[in-house]
Amino acid sequence: MRYKEESNRLVLMQDGTTLWIEPWGENAFRVRMTKEPVMDANDWALTEEIPQLPLQVTYETVDMTEPFYHTEEERKKHACTGTKITIQNGKIRAVINPEGVISYYNKKNELLTAEYWRNRNRIDRYCVPLRIDARELKPIIGTTDYTLTMRFEAFEDEKIFGMGQYQDGLLNKKGALLELAHRNSQTSIPFFISSRGYGFLWNNPAVGTVCFAANLTEWTAKNTKKLDYYITAGDTPAQIEEQYANVTGKVPMMPEFGMGFWQCKLRYRNQEELLAVAREYKKRNLPIDAIVIDFFHWSMQGDFQFDPVDWPDVEGMIKELHEMDIEPVVSVWPTIDERSKNYGEMAENGYLITSDRGLCVNMTWMGCTTFYDATNPDAQKFVWEQCKKNYYDKGIHCFWLDEAEPEYGPYDFDIYRYHVGPALSCSNIYPLMYAKGFYDGLQKEGQKDIINLVRCAWAGSQKYGVLTWSGDIHSSFRSMKEQIRAGLNMGLAGIPWWTTDIGGFLGGDNTDTAFRELLVRWFAWGVFSPVFRLHGERSPYYEREVEYRDGVRQFSSGQDNEIWSFGEENYEILKEFLLMRERLRPYIRKCMQEAHEKGTPVMRPLFYDIPEDSNCWEISDSYFFGPDLLVKPVTDANVTTTAVYLPEGHNWKEAKTGIVYEGGQTVNAVATLDVIPVFIKDQKDYPIYQ
């Protein structure tokens, strides 16, 4: 192993590879490795400006003599030494032994994690002839790219939290095999917080996998140019999260309308339907902050404009909504129909995703469509200019960026190609770049506190005002349970703004008694979600004859989905929860300020705030909403009470009853249909129930 200090980084050269280790923000390192003559310049998620920290390196000569010599004379004859290198950056220390094996320690000299090598290792006296290296860049024959594998040691006591949104019902990802790829309802954000006191970002948007197995942790990228990761240490999960936000970016301040209630359904077919709902909310004196215009309001996929038949007076509609203090939100899809007026120009200019083989038709639903290439800056600008002309200039300042994975049919990543490379090497960056195009456009127009609803994200998406939701999930209690854990992991992965379709998207019939119970429970949980948004397919669709307009099939819509649509008794309960959210607005505003300033998740696991209570690391069915409210959503049918663990070291007031409990115990909480169990820390006063 050869080494040198260069440009405030340590450079190691070994077996045809070049590895960089450098301080990267507070208490952290960035590690990169390549087999190329020049390191790939992409920073991917690590785009934020960071302070230039000094390189603190020490060198120590250590004995490398083989362990099997029997006499002192033999040892002296074959004596061998090498250099151990130590790099310090605040609370984290990297130790590289003379054979290039890297281990990470905290300020207490406790091992955080270490590379997994299973070959000749004379330093640690652990000789295993398996020839398994921790870092592998294997050339893909016939290309200039590599497959990458990175291995770390496994620890029996370790718990893993974060990694984005997976529909597996797991909060702790230890033992899980995760695909590093986006799908509808799956959002891969490769950052986690470990119970051992460190955070780790796999800074690579390539399609791959990670396995947090019992015997090792293994990351893979199917097609890439380099190894690139970030590791940071901290005394608490909150400190780790803030350090991560400092290097990947923080959300803007949530605009005021984003903190209230969002009304949505699949779908309002025309402006009169939409305005009738908005007027009804106002007539009933119900709080409403945003109303959403869903997909297929357009003339054609890729036209990025309202159909003038169904939406004849867009400016008048938006003017009336604004007079009612309701923010309109409009759906945009990245799908470009081959019949769209924009298709020819976009294809000619290279603004569409292409295919290395076969026809490049990405979806055939409601037309033959291809996704626009959001990794191309010129394509971003083109799409924004269409949306500016047809939406923004008419008063639409918030967008619903759907299909942001993008949702290939099928997900054959190996055949698609983007402006920045083959999809296998960069596909996970797509939702971030999709959001960036709109963020940059809105910012250029002088828009402040930007928020856009996006059906996917990647590391760093938060800085582009991304509010992610959990996709087309099922309307069931099982799905609701899964979303709670998914939302907690999204927050820990650096996305503070997150929401679900209240009631689930697929399969909810608003006339079904069982679904109505689920809807009420989910709505109650929505009060204590970062964003409070009612949406769903609500099948069966209204029966209408199949309609074509200028050769374009028109989409139908589901049943009614307003809070008065689920029975009069349930309406009264839902109204009270709606008013509860409004009473909590000052508290929510403070939570959003903390997310903006520190990257703090609005909704987070119990251990985030009280890591010293070991029980909090085991709880996955309740969470903190902000610093003071412990929430236990009801995720089973026919429940009237539920068990809630109250962390030690604090007193907890049950919001519904006013009873105060000492922490460190499990209590039985009131959980009738009109109650979501909430406990207030240290008897602070919040107007939850009245």
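Note that this is a predicted model, so its numbers are computed, not measured.
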Exercise for review: Give the C-alpha distance, both sets of side-chain angles, the deciding distance and a yes or no for salt bridge (Lys or Arg N to Asp or Glu O under 4.0 Å) between Lys481 and Asp636.
Suggested key: CA-CA 9 Å; Lys481 291 176 188 177; Asp636 292 292; 3.1 Å; yes

**Study point:** Quiz item: cation-pi between Lys681 and Phe624, 6.0 Å / 45°
**Key:** yes

**Study point:** Intermediate values then yes/no, ring-ring contact (aromatic ring centres under 6.0 Å, His included), Tyr686 and Tyr587
**Key:** CA-CA 8 Å; Tyr686 294 106; Tyr587 177 77; 4.8 Å; yes

**Study point:** Stepwise ring-ring contact (aromatic ring centres under 6.0 Å, His included) test for Phe192 and Tyr244
**Key:** CA-CA 10 Å; Phe192 70 80; Tyr244 170 67; over 10 Å; no

**Study point:** Cation-pi check, Arg533 onto Trp469 ring (under 6.0 Å, within 45° of axis)
**Key:** yes

Review point. Under 4.5 Å between any side-chain heavy atoms of Asn203 and Tyr230, yes or no?
Key: no

**Study point:** Donor-acceptor contact below 3.5 Å, side chain Asn106 vs main chain Asn109
**Key:** yes

Check your understanding: If we ignore angles and hydrogens, is there a donor and acceptor under 3.5 Å between the side chains of Ser195 and Glu158?
Key -> no

**Study point:** NZ or CZ of Arg118 within 45° of Tyr116 ring axis and under 6.0 Å
**Key:** yes

Check your understanding: Side chain of Arg135, backbone of Leu148: donor and acceptor closer than 3.5 Å?
Key -> no

Point to revise | Within-4.5 Å side-chain heavy-atom neighbours: Thr220 and Val210 | key: no

Review point. Just by distance, with hydrogens left out, do Thr642 and Lys632 show a side-chain donor and acceptor under 3.5 Å apart?
Key: yes

**Study point:** Pair Tyr645-Asp621, side chain to side chain donor-acceptor pair (under 3.5 Å): steps then yes or no
**Key:** CA-CA 10 Å; Tyr645 176 74; Asp621 58 0; over 6 Å; no

Check your understanding: Between Ile451 and Met254, is any pair of side-chain heavy atoms under 4.5 Å apart?
Key -> yes

Check your understanding: Any side-chain heavy-atom pair from Ser194 and Phe161 closer than 4.5 angstrom?
Key -> no

**Study point:** Side-chain donor-acceptor pair present, Glu654, Thr657, cut-off under 3.5 Å
**Key:** yes

Review point. Can you check whether Glu48's main-chain N or O pairs, donor with acceptor, with Asn246's side chain at less than 3.5 Å?
Key: no

Practice item. Would you kindly say whether Glu576 and Gln690 are connected by a side-chain donor-acceptor distance under 3.5 Å? Key: no

**Study point:** Phe200 and Phe152: CA distance, side-chain angles, deciding distance, ring-ring contact (aromatic ring centres under 6.0 Å, His included) verdict
**Key:** CA-CA 12 Å; Phe200 182 93; Phe152 291 94; 5.4 Å; yes

**Study point:** Heavy-atom check, side chain of Pro627 versus side chain of Arg604, under 4.5 Å
**Key:** yes

Point to revise | Side-chain heavy-atom pair Thr149, Asp133 within 4.5 angstrom cut-off | key: no

Exercise for review: Could you tell me whether the side chain of Ile132 reaches within less than 4.5 Å of the side chain of Trp117, counting heavy atoms only?
Suggested key: no

Practice item. With the side chain counted from C-beta on, respond yes when Asn651 and Glu662 share a heavy-atom pair under 4.5 Å apart, and no when they do not. Key: yes

